[in-house]
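The structure appears below as structure tokens.
Side chains included, hydrogens not; waters and symmetry mates left out as well; all remaining heavy atoms used.
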Amino acid sequence: VFLSLQLFGTIVWILVASTRVPLPLLQGWVMFVAVTSWFLSVVFLCVFLFGYANRVAVNWNQTDFLFHGATFVFYFGAFLLQAATTSLHYLPRKFNSTTQEKILADHEYNISIAASIFAFATAVCYGCSTALALRRWRL
């Protein structure tokens, strides 16, 4: 599950960054969630790989559940914001009184659809990780 989290999160990050970001408030949050989740997941993995989990007296099963649960909530919100940005494709943007341009060009619309799909897939993966962490914690 960890590799799918990292892979899908990286794809979301790349896809959102490859557009003009027409709505910085919405897509800025998507980028913040994608980058922060990716980074914290790698840090969380390194804690276990390098044996720091044995040195720190923390209930790691509970911490795992809380981390993945919070990340699931944030990523699902990011998915909703990315989908909202995608849905505004046909909304015109007026630069001046004579020309009108769509908020998202057709190519960016396709990229935004892909980013929405991968954000949803990442949220589902974090949801599965949350369920598995709850199971470990409660057993």
Which distance, rounded to the nearest 0.5 Å, do you find between the OG1 of Thr19 and the OH of Tyr109? 14.5 Å
Under a 4.5 Å side-chain heavy-atom rule over Ile, Leu, Val, Met, Phe, Trp and Tyr, are Leu88 and Trp29 clustered together? yes
Which salt bridge (charged side-chain N to carboxylate O under 4.0 Å, His left out) pairs, counting each pair once, include a residue from residues 104-123, with sequence neighbours left out? Arg20-Glu108, Lys102-Asp106
Using the rule that Ile, Leu, Val, Met, Phe, Trp and Tyr join whenever any side-chain heavy atoms are under 4.5 Å apart, tell me whether Phe65 and Phe44 fall into a single cluster. no
Contact summary for Ile111 and Leu15, nearest pair of heavy atoms: CG2-O, 3.2 Å
Give the cluster check for Leu81 versus Val12: same hydrophobic cluster or not, with ILVMFWY residues linked at side-chain heavy-atom distances below 4.5 Å. yes
Nearest atoms (heavy-atom pairs only) where Ser116 meets Thr86: OG-OG1, 3.2 Å
Any idea which heavy atoms bring Gly9 and Thr122 closest together, and the distance? N-OG1, 3.6 Å
Ile14, Phe8: one ILVMFWY side-chain cluster at the under-4.5 Å cut-off? no
Minimum-distance pair of heavy atoms, taken over all atoms of Val16 and Ala115: CG2-CB, 4.0 Å
Return each pair, listed once, that meets salt bridge (charged side-chain N to carboxylate O under 4.0 Å, His left out) where at least one residue sits in residues 112-129; pairs must be two or more places apart or across chains. none
Pairs meeting criterion side chain to side chain donor-acceptor pair (under 3.5 Å) with involvement of residues 64-81, two or more places apart: Asp64-His68, Asp64-Arg136
Atom CZ of Phe120 with >12 non-hydrogen neighbours under 6.0 angstrom: no
Quick check on Phe39: does its CZ atom have over 12 non-hydrogen neighbours (other residues, nucleotides or ligands) under 6.0 Å away? no
Do Leu45 and Leu7 share a hydrophobic cluster (ILVMFWY, side-chain heavy atoms under 4.5 Å, transitive)? no
Could you tell me the separation between the CG atom of Leu104 and the CD1 atom of Ile113, rounded to the nearest 0.5 Å? 9.5 Å
Measure across Asn59 and Trp137 and return the closest heavy-atom pair with its distance rounded to 0.1 Å. ND2-NE1, 3.6 Å
Taking ILVMFWY side chains as joined if any heavy atoms are under 4.5 angstrom apart, and letting links pass through other members, which residues group with Leu25? none
List the atom of Leu5, the atom of Cys125, and the distance in Å for their closest heavy-atom pair. CD2-CB, 3.3 Å
Filter on side chain to side chain donor-acceptor pair (under 3.5 Å), then keep only pairs touching residues 30-48, sequence neighbours left out; what's left? Thr10-Trp38, Ser41-Tyr126
For Phe76, which residues count as a ring pair (Phe, Tyr, Trp, His ring centres under 6.0 Å) partner, sequence neighbours excluded? Phe79
Counting heavy atoms not belonging to Tyr52, are there more than 12 under 6.0 Å from its OH? no
